[in-house]
Amino acid sequence: MDLPAIYDPSLTEEKWYTYWMEHRFFHSVPDDRPKYSMVIPPPNVTGVLHMGHMLNNTIQDVLVRRARMMGKNTCWVPGTDHASIATEAKVVALLKEQGIEKSDLSREEFLEHAWAWKEKHGNIILEQLKKLGASCDWDRTKFTMDPDLSRSVIESFVYLYNEGLIYRGIRMVNWDPEGQTAVSDEEVIHKEVNEKLYYLKYFISQNGTRSTEYVTIATTRPETIMADVAVCVHPQDERYAHLVGQKVLIPLIDKEIPIIADDYVAMDFGTGCLKITPAHDANDYEIGLRHQLPVVDILNDDGTLNEEAKILVGVDRFEARRTIRTLLEEAGCFEKEEAYVTQVGFSERTDAVIEPRLSLQWFVKLSVLAQKALAYVDEGKVHLIPGKFTNTYRHWMETARDWCISRQLWWGQQIPAWTLPNGDIVVASDVQEALKQAREKDPLLQEKDLVQDPDVVDTWFSSWLWPISVFDPDKPGHPGKESNRELAYYYPTDDLVTAPDILFFWVARMIMAGDLFCGQKPFTNVYLTGMVRDKQGRKMSKSLGNSPDPIELMDKYGADGVRMGLMLCTSAGNDILFDESQVEQGRNFCNKIWNAFRLVQSWERDPDREQEDTAAAAVRWMSQLLAATKEEMEDLLSKYRLSEALMLLYKRFWDDFCSWYLEIIKPPAGVKSLDATTYDKTLAFFDVFMHLLHPFMPFITEELWQNLAERRPGESIMVSPVPETGTYVQSAITDFERLQELVAHIRGMRQSKQIPGKTLLDLLIKGSFPESLQGVAKRMAGLNTVSSVSQTPEEGQMYAFLIGTTEFYIPLGNLLDVEEERTKLLVEKEYFQKFLFSVEKKLNNASFVQRAPEHVVAMERKKQADALAKIKALEEQLALL
RNA sequence: GGGAGUUUAGCUCAGCUGGUUUAGAGCACCUGCCUUACAAGCAGGGGGUCGGAAGUUCGAAUCUCCCAACUCCCACCA
C-alpha cells in the first residue's frame, strides 16, 4: 500500500463517521452490562457551533468513547434547548425584517413562525457536532419543547403548585418601555452614564402645610417624586433622629408621607436621607414591604407619566425630568445639582433605559430545595471538578432567593394556570382538568370563562428536568411513579460537562429536580470547563470577530487536530487561551502518527529471520513502558486530568515510540523486513497506542487500526477493548532512561566536535551500566565497541563524562581539545563542589539530623556520597589530561 | 461593596498532604541537518529562584499573614 506522506483528514473523517453511524455504535439500549450515561448540555436552537461547544463536546466525547471502549453500555443523549428569550428575540427580529410586527400576530400565528424557524435552523448545531466526531446516540435526540418534554414541564409545574412550592407574587421586573415587555436580568446591559444628582427639599408637614424645617434628599430621578411614599433615614443617624415619625410633604404635589428609619440607608451617601419609591426601585420596594408602605405607580407601559403622577401626566419620563427641575426651583424645593456617574441598565434589544417595575409573577420556593441541593455536594454524592467550585456553589445555595419562573413571552411552555371570572386561579395540566376544578367552585362555568396565564415558564424550568425527562418524561410531576426501564437503567447519569457560569442556573437546579422527582442525584461528576478566550485573554465574541469558525478550523486542520489542540491546553475550571498554533500542533501530531504507520506498514514479516539483541531489548523496554503508560493514563483520567493524559501519550508516542523504539528496530537500508517477533510486537504496540489515543483522536486512530490487520466488516476500534499490556518493572524503564542520556550525550559531543555520524567511536564504561542495552547504545550513538573497565584508563586524549556516578570514556585521539576538556571538567567539578557544600551544610546542622525524618537524612547522605564520588571521578579525569 | 479564584521559563500550564540531587512539560526560540516514515521532520542546546514583603520550620514554589495585579460571580448605595 502506497500512502501519501501527508495525512489528509478529509479522506477519513467523514468515511468513518458514516461507518460508525451505519453500524449504530453510538446507539444504546438498556441491557445487562454496566452503563455509562451522560446528557449533553443542550445548546440553544438558535446557536451555531462556537469554540466553547467545541471544547465542551470534545471533552464529553473523550469521556464517552473511553467508557465505551471499557465495555460499558454507553449512552450520550444529545438535544437542543428552546431557549425562549433568545429564540423569541431572533424570530421577532426576523419577522421585523419581513415587515411583520409581533404585535400584529396572534399567539398561534407567532408560534407557527417560531416552529418553522426551529425546523429550519434548529439542527444546525447538532449536525456540526457530527463533524467533530461526537458519538451521541442520535436516535435519542431531544428538544426541550418536544411534546413529551413539554408535558413533563407542565406536570411538574402542577405538582410543585399542589405541593405549595410554586406561588404567585409581586416582584420587580426589568421593564423595557420601548419593547413594552419585561426582560430578564441577563438581557439588561449596565452602562456607566453621566447623570446628575439632584438635591431636593422636602418640607416637614405641620398638619398638611409646610413648616420652615426641611430635609434634603439626593436623587437621580426627580421625576419619580410623585411616587414617593416615605422618606427614610438610618436609625442611628443623629442628624435626623428627632424627625423620625414626623411627616414631610412631597414637593409640587404636597402629599404627606412619613419619615421612617431603616438601616438600608447609607449615612455617608448623599444627605443620608433617601426617598422611598417602591414602584420604581427594587430596593425601595423591599423597604416598602418591611414598613408596610403603599405602592404608587406613576408610569405607563410606554414610559410616560400616568394619572397617579397628578402633574406632567402623559409626559415622557425623561422630558418630565427636565421639566420638573424648573418646577422644583420655582417651588423653592430645589437646592442644587451635582454631576454624578452611575450605572444605568439598558435593554439589550432596544437600547431603551430599563424601568424597574412591579408585576405579578410565578415563583418557586427555593429555601428547602437549595438546602438539599447543597447537601448532595457537601456529602460528596455529587463531585464538582475542580473542587474549588464547591465554595461558589455553597455561597449560592446559602443565599438563594426564590426563583421567578414566569416570562412574558410566547415561545416556551405556557403556564398551566387559568383565571376564573371571579379572579380565582386554578392550576391544572390542561384546560379540561382546569375546568373540572373550576366547576367545583362554580358548576356553571364554561371553558371560555377560563383565561390561561399568557406567560411561559423560564427556560431553566424545562432544562432542570433534562437528565430525567430525556429518559422518562412521565416522571417529573409524578415522583411516586415507578421509573420506566430507561430511567431505572441510565439514571443517575455519570458525568456532566458544562461551564461554571451555569452552575447555579442549571447544575444546581438539576440537582434539585433530581431530588424532587427521583429522590436521587442526576449525575455523579460535574466537570466544569473553562471559557475559551482568544490569545489576549478576551472573550470570544462575534462583535470582536476574534472567534475562529470551528467548521473552517476542522476543514483546515482536521477534526482530530482541532480536538487534540483543544484538549492539550485545557484543565478543568481554567479558561483556555485559544491560539491556532495549538491546533497546528494537533495536526502535526496526526501527521506524525500517520507517518509512523507508513513506516511500519512498509515492512514485511520475515518468519525466518532471527531477532537481534537490540530489537529484543527495545521490545522489552517498549512493552514495559506501555504498561506503565497505560497505568498512568488510567490514573490521570480517573482524576479528570485530560490534558495531562493526552500530553503523556503525545510524548510516549512521539519521543519514545517514534524517536527511540522505531529507530532501534528499523532494519538497515535496503532491507524491508523485520523478524517475526519484532514485527508482531511492533504492530501490537501500535495497536495499544491507537486504543489509548482513540478517545482523543477518533478518526485517525480508526483509520489506522482498520489498516493494522485484517478486520471483519462491522469491527471498529471504538468498540474494541484496549489490549492487555501486562506488568512492568520501573527499573527497566529507568535503565533505558540512562541509555537515552548516554546516547544524547555522545550525540551532543559529536555535534560540538563536528564528528560525523559515520565515524564510529569506542566507548569505555567504568561503573554500572546494563549490559543488555549496550547493543542499543552502539546502534543509536554510532559506536564501534563498548567495553567495561575497572580502572580509569591510563592513556590520555580521552573524552570523559559522567552519567549518575558511572564514568564513560571515549578515545578521541587528536580530535580532543585538551584545554577545552579541562575547562569543561573544572566547571563540572565546581558545580558538584557547590552542591556538596549545600548538602553538607544541611548534614552538619544538628537540628536537621535530629528532627528531619530518617529517610530524608539518608537521602542527603546519599547525595553527599554521590557528589563525593563524582568529584573524585572528575579529579581523576582531570589528572589524565 | 461582598465572595471566589489566579499570579511558576517568551507563551500555555504541571508541581497532590512542605523534604527524591541546584523547579518540570509542551509550544516558541537558538545551532546543525532535506539521514531512503515524516521539514507538519531529525539531532542537539539555552532559558525561570516560583507576583512583592514578612513569618512559621532543621527545611517553603508548597503552610500563615500583609500588599499588589488580573479574572470571574453576586449585589449594585439613592
Inset, instruction - Both distances under 3.5 Å, Watson-Crick or G-U wobble: on that basis, could you give the dot-bracket string for RNA chain B, with [ ] for crossing pairs and | for other-strand partners? - result: (((((((..((((.....[....)))).(((((.......))))).....((.((..]....)).)))))))))....

Legend entry - Under 5.5 Å and under 30°: A/W594 stacked on B/C38: no

Inset, instruction - Return the orientation label for the A/Y7 and A/W594 ring planes: parallel under 30°, perpendicular over 60°, tilted otherwise. - result: tilted

Legend entry - Any A/N391 side-chain nitrogen or oxygen under 4.0 Å from OP1 or OP2 of B/G5: yes

Inset, instruction - For A/K388 and for A/F832, find the nucleotide of RNA chain B with the closest heavy atom, then tell me which residue's nucleotide is more 5'. - result: A/K388

Inset, instruction - Residues of residues 216-236 of chain A with any non-hydrogen atom less than 4.0 angstrom from an atom of RNA chain B: list those, numerically ordered, please. - result: A/A218, A/T219, A/T220

Legend entry - Protein-to-nucleotide contact annotation, 5' to 3' order, nucleotides 9-16 of chain B [B base; S sugar-phosphate only; - none; under 4.0 Å, heavy atom]: ---SSSS-

Inset, instruction - Check each of A/F504, A/W403, A/F505 against A/W460 using the ring-ring contact (aromatic ring centres under 6.0 Å, His included) test, and report the only one that passes. - result: A/F505

Legend entry - Closest to the A/E663 side chain, choosing from B/G32, B/A37, B/A4: B/A37

Legend entry - Separation of atom CG in A/L662 from atom P in B/C42, rounded to whole Å: 12 Å

Legend entry - Whole angstrom value for the distance that separates C1' of B/A39 from CZ of A/F589: 18 Å

Inset, instruction - Considering just the side-chain nitrogens and oxygens of A/N283, establish if one lies under 4.0 Å of OP1 or OP2 belonging to B/A78. - result: no

Inset, instruction - Mind calculating the distance between CZ (A/R861) and C1' (B/U20) to the nearest angstrom? - result: 17 Å

Inset, instruction - Ignoring the backbone of A/K592, work out which of B/A40, B/A37, B/G32 is nearest its side chain. - result: B/A37

Inset, instruction - Would you mind reading off the distance between A/D501 atom CG and B/C74 atom C1', rounded to a whole angstrom? - result: 14 Å

Inset, instruction - Figure out the CD/C1' separation between A/E580 and B/A40, and round it to whole Å. - result: 14 Å

Inset, instruction - With the side chain of A/V265 defined as its heavy atoms from C-beta on, choose the nearest nucleotide among B/U36, B/C38, B/A78. - result: B/A78

Legend entry - Distance, rounded to the nearest Å, where A/Q751 contributes CD and B/U35 contributes P: 15 Å

Inset, instruction - Could you state the atom-to-atom distance from CD of A/Q754 to P of B/G45 in whole Å? - result: 16 Å

Legend entry - P gap between B/G19 and B/C76, integer Å: 46 Å

Legend entry - No-H, no-angle donor-acceptor pair, A/R747 side chain to B/A43 base, under 3.5 Å: no

Legend entry - Distance in angstrom units between A/Y650 OH and B/G26 P, rounded: 8 Å

Inset, instruction - State whether A/Y198 places a side-chain N or O below 4.0 Å from either non-bridging phosphate oxygen (OP1 or OP2) of B/A78. - result: no

Inset, instruction - Report yes if the side chains of A/T58 and A/M567 come closer than 4.5 Å at any heavy-atom pair, otherwise no. - result: yes

